[in-house]
Amino acid sequence: LTGGIVGSPAWMQITADFLGRNLCKSGRRYAVAWGALLLSLKALGIVDSPAEMQRLVSTGDRIEYEPVTHTKYKKIQVAYERYYQRLFGR
């Protein structure tokens with residue numbers, strides 16, 4: 001992850017729990033620009049595989065999701081989607 005969210009440990013944990021995924025902060029400043037660079041290198045054939053790209057990426061802190069909290073968020077999401085369908089029929 002990169003951007004403003006990395007300044008808030010609480011939002012980082014909420015995001016990891018909601019997604020049910022372990023997350024890593026970017027270890028680089030201007031991570032979005034680095035991502036664009038990596039995609040460009042791939043398009044040009046300079047970098048061939050995700051493994052090569054991974055070696056060029058540095059990560060910071062790792063945020064582990066909480067399975068129990070993820071389950072709670074999934075239940076809330078299912079209820080939200082059901083109510084949304086009832087209200088808007090979509």
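With rounding to the nearest 0.5 angstrom, the CD1 atom of Ile14 is 12.5 Å from the CD atom of Glu66. Put simply, CD1 on Ile5 and OG1 on Thr15 are 3.0 Å apart, with the number rounded to the nearest 0.5 Å. With rounding to the nearest 0.5 angstrom, the CD atom of Gln13 is 8.5 Å from the CG atom of Leu23.
The salt bridge (charged side-chain N to carboxylate O under 4.0 Å, His left out) contacts involving residues 6-27 comprise Lys25-Asp61, where partners must be two or more places apart or lie in separate chains. The ring pair (Phe, Tyr, Trp, His ring centres under 6.0 Å) pairs that include a residue from residues 10-57 number zero, where partners must be two or more places apart or lie in different chains.
Clustering of Ile, Leu, Val, Met, Phe, Trp and Tyr by side-chain heavy atoms under 4.5 Å joins Leu39 with none of the others. Counting side-chain heavy-atom gaps under 4.5 Å among Ile, Leu, Val, Met, Phe, Trp and Tyr, Val32 is found in no cluster with other residues.
Under the salt bridge (Lys or Arg N to Asp or Glu O under 4.0 Å) criterion, Arg62 pairs with Glu64, not counting sequence neighbours.
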Can you give me every donor-acceptor pair (side chain of residues 40-50, partner residue at least two apart or in another chain, under 3.5 Å) with its distance?
| residue | atom | partner | partner atom | Å |
| --- | --- | --- | --- | --- |
| Ser40 | OG | Ala36 | O | 2.9 |
| Lys42 | NZ | Asp48 | O | 3.3 |
| Ser49 | OG | Ala51 | N | 3.4 |
| Ser49 | OG | Glu52 | N | 3.2 |

N/O donor-acceptor pairs under 3.5 Å from side chains in residues 72-80, not counting sequence neighbours:
| residue | atom | partner | partner atom | Å |
| --- | --- | --- | --- | --- |
| Lys74 | NZ | Gln77 | OE1 | 3.4 |
| Gln77 | NE2 | Glu81 | OE2 | 3.2 |

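Taking both residues in full, the closest heavy atoms of Met12 and Ile63 are given as CE-CD1, 3.1 Å, listed atom of the first, atom of the second, then distance.
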